[in-house]
Amino acid sequence: MMTVAASHPLFQHYRDTGTHEVLDARTLLGGSLWRNHEIFSISRALLDIREHVTIPLGAMRGYSLGRSDGAYSAAELALLERVQALLMSLDRHQRTYRHWHTSIASPARAAEVAEDFRLTSREITVLHLLAQARTAPSIARQLRISPRTVHKHVENLYRKLGTSDRLSAIQRAHALGLLQFSDTPGEKTPRHIAPGVLNSNSPASKGEQRP
């Protein structure tokens, strides 16, 4: 299956161009070339799928869809572009959550604290980015949300943690075990949390939340 995937024209297109556009195989190659492509024959024989479309998320990751007949219309591709924006946001949140989960000393305890304080996984994401001295516009770009939404999450963080500013919120989160500081003696900078994603609406739990 990996060999088949690597030879798929959509995979090759994204690999070679680095673009993130939603695209279907028929549009990419043209109807005649697509019908004569080996991937078309294989997918039709094994899965009864003749039409392929991909929703890329970046870094050679994404979702591929298929159906047995009927080319994807312009309206359907436009709808998938709207879906792509939601999936990319969820994907970034989920990856950030996984990095947070593996970066702290006691993930189970941190999850319990987050639940006790009714912190959502989206708020945990914003908290970690705040600890990196990121601005609201920067966090918004990172998570593909609006700066206004970021400010709302920050307000919720301050209220739930009983603080009134960024520094006190970070210190409070560290004291509670929600943030892990560097092991370097005397250094008071939180560990770097890599860009990522997570489920935005449910309280943090002990397990990973997947989109």
Side-chain angles (χ1 to χ4, degrees), residues 2 20 55-63 83-211:
M2 291 300 296
H20 297 158
I55 307 174
L57 301 181
M60 297 309 299
R61 297 164 53 254
Y63 291 89
V83 172
Q84 179 191 39
L86 297 175
L87 291 176
M88 292 182 76
S89 178
L90 287 172
D91 185 60
R92 292 186 179 191
H93 283 290
Q94 178 63 20
R95 288 194 301 164
T96 297
Y97 185 83
R98 289 202 298 266
H99 281 287
W100 167 77
H101 194 266
T102 59
S103 70
I104 53 180
S106 177
R109 173 57 183 161
E112 291 177 359
V113 171
E115 185 173 0
D116 289 342
F117 282 82
R118 301 185 65 83
L119 296 176
T120 66
S121 51
R122 176 70 64 92
E123 289 164 353
I124 291 174
T125 306
V126 172
L127 175 64
H128 277 284
L129 296 176
L130 284 176
Q132 297 175 30
R134 302 282 291 273
T135 64
S138 174
I139 294 174
R141 289 191 298 271
Q142 173 75 24
L143 302 180
R144 299 180 67 88
I145 58 180
S146 72
R148 181 176 180 179
T149 300
V150 173
H151 285 299
K152 185 64 177 178
H153 289 314
V154 172
E155 291 174 4
N156 290 339
L157 280 168
Y158 291 171
R159 174 175 53 81
K160 292 179 180 181
L161 294 176
T163 59
S164 59
D165 56 55
R166 178 194 295 250
L167 180 59
S168 60
I170 293 173
Q171 291 175 334
R172 174 72 165 149
H174 175 252
L176 292 170
L178 294 171
L179 291 175
Q180 181 69 35
F181 284 82
S182 170
D183 294 330
T184 303
E187 185 177 351
K188 295 298 181 181
T189 303
R191 292 181 188 269
H192 173 71
I193 307 299
V197 296
L198 84 136
N199 188 317
S200 62
N201 294 319
S202 58
S205 64
K206 295 181 181 180
E208 293 183 4
Q209 303 179 29
R210 300 184 181 277

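When every heavy atom of His20 is checked against every heavy atom of Pro56, the shortest pair comes out as O-CG, 3.2 Å. Minimum heavy-atom separation, Arg134 to Arg166: O-NH2, 3.0 Å. When all heavy atoms are compared, the tightest approach of Pro137 to Pro147 is CA-CG, 4.4 Å. Between Arg172 and Leu161, the shortest heavy-atom contact is NE-O, 3.4 Å. Summarising the geometry of Asn156 relative to Glu123, their closest heavy-atom pair is CB-OE2, 3.3 Å, with the distance given to 0.1 Å. Here the closest non-hydrogen pair linking Ile55 and Gln84 is CG2-CB, 3.5 Å.
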(request) Begin from the C-alpha positions of Ile145 and Arg122 and carry the test side chain to side chain contact (heavy atoms under 4.5 Å, CB included) through to its verdict. (result) CA-CA 11 Å; Ile145 58 180; Arg122 176 70 64 92; 3.5 Å; yes
(message) Let's go through Phe117 and Leu176 carefully: what are the C-alpha distance in whole Å and the side-chain angles of both, what is the deciding distance for side chain to side chain contact (heavy atoms under 4.5 Å, CB included) to 0.1 Å, and is it a yes or a no?
(response) CA-CA 10 Å; Phe117 282 82; Leu176 292 170; 3.8 Å; yes
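Using a 4.5 Å cut-off on side-chain heavy atoms (C-beta onward), Leu143 and Val126 make contact. Counting only heavy atoms from C-beta outward, the side chains of Leu157 and Leu130 approach each other to under 4.5 Å. Considering only heavy atoms from C-beta on, Arg61 comes within 4.5 Å of Arg95 through its side chain.
Once rounded to the nearest 0.5 Å, the distance linking CZ of Arg118 with NZ of Lys160 reads 7.0 Å. Interatomic distance, Leu179 CG to Leu127 CG, rounded to the nearest 0.5 Å: 4.5 Å. For the atom pair CD (Gln171) and OG1 (Thr163), the distance works out to 10.0 Å, reported to the nearest 0.5 Å.
Within 6.0 Å of atom CZ in Arg148, 12 or fewer heavy atoms from other residues, nucleotides or ligands are found, so the atom counts as exposed in its surroundings.
Between the side chains of Thr149 and Ser146, at least one donor N or O lies within less than 3.5 Å of an accepting N or O.
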